[in-house]
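Okay, so here's the structure we're looking at.
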Amino acid sequence: MSTLLPSHLRALRREVADLKETARRGRYAPSPTGPLHLGNLRTALLSWLITRLQGGEWLLRIDDLDTPRNRAGAEASIREDLRWLGLLWDGPVLRQSERRGLYATVLSALRRSGQLYPCRCSRRMLADISAPHGRSGVYPGFCRPLTPRWGLEDQRLPSWRLQLEPGLLRWPELLGPEGCLDGPTEVGDVVLRRADGFLAYHLATAVDEWALGISDVVRGLDLWPATGPQVAVLEHLGVEPPRYWHLPLWMDDQGQRLSKRDGGMGLAVWREQGVLPEAAIGRLAASLELVPEGSCLSAQELLQQCQLGTLRQQLSKA
Ligand code: GLU
């Protein structure tokens, strides 16, 4: 695929991130929908560890575009938990809500280069036709052949979809299942801007990985399927995807994954029980068998005793 990025976008990237092109850079990107639970904290620890083991910078990005789901005080509690654990990030906290101008600029560039098409299918209509057969969530491409009329129709603007070419989307996956999904049949033409103007999470996230020069994305295995659409956006921008590390989810005693919204257990409970940061790091690391149960060590001490190669092997077995 040809390189899309016009020079003004390249310049924008340099301006936005003031990047050292060669540096390794990781990010932790929670949504501020509630206090972090133990699974989130474990992902944060691993993201920090994997980045610092490579001598890289570690950024904290708050994924707060989906405003109705944001909870007051959640960002402050995230920052406090990370600091308490000794997981200190570099530079200012980045918020997606403050970066909408960047996403809109990239969206216009994609639109002008003919890689997006307007779509007038409603969610309800798509739900009706996909059940019970079609693969849920994969858009069947109804609006592809229509003339790109993009103005108001029935008082509604269209949404904008990225047109995926036939072929596989691939990314370097260091931990989860092989990074490979078929574009048209397993991912489908992704909405990047909804009819109501909402900029899609996949657009914002892909643009941020590129604009911030992220080399390693460490996140939960539940986000593995989201990598397809994000890699599709990166491909259309003509840039290489970062390396992805999709970590196993933390399950509760009933085998259910923890959830922020259900108030999945977080540091507040451990703090009430008098658990100190070193014991908390020990517990988080022991849950992945990186250290023996009952270990007490700071994040820095954990960093001293880990190596990237062996860490990856240990994590693959966990
Ligand atoms: N903000 C999203 C979440 O917390 C995605 C994070 C990511 O891409 O790492 O689930």
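What you see below is based on every heavy atom in this structure, not just the backbone, and it leaves out hydrogens, waters and symmetry mates. Just so it is clear, the structure is predicted and the values come from calculations on it, not from any experiment. For ligands, and for the atoms within them, numbers begin at 1 and follow the listed sequence.
Under a 4.0 Å heavy-atom criterion, Y201 is in contact with ligand 1. Residue contact annotation: Q230 has no non-hydrogen atom under 4.0 Å from ligand 1.
Minimum interatomic distance between Y139 and C119 (heavy atoms only, all atoms of both residues): OH-SG, 3.4 Å.
A perpendicular orientation is assigned to the rings of W171 and H246, their planes being inclined by more than 60° (bins at 30° and 60°).
Under the side chain to side chain donor-acceptor pair (under 3.5 Å) criterion, R243 pairs with Q54, D216, not counting sequence neighbours.
Polar contact check, R27 against ligand 1: a nitrogen or oxygen pair lies under 3.5 Å apart. The distance criterion of under 3.5 Å between nitrogen or oxygen atoms is met by S31 with respect to ligand 1.
Between W245 and W224, the distance separating the two ring centers is not shorter than 6.0 angstrom.
Counting heavy atoms under 4.0 Å from ligand 1, residue L223 touches it through the side chain alone. Contacts between P30 and ligand 1 below 4.0 angstrom, taking non-hydrogen atoms only, involve the backbone exclusively.
Heavy atoms from other residues, nucleotides or ligands lying under 6.0 Å from CD of E289 number 12 at most.
Near D63, meaning under 4.0 Å from one of its heavy atoms, ligand 1 places the atoms 1 (N), 2 (C), 5 (C), 6 (C).
Cluster partners of L223, using a side-chain heavy-atom cutoff of under 4.5 Å among ILVMFWY residues and allowing indirect links, are Y201.
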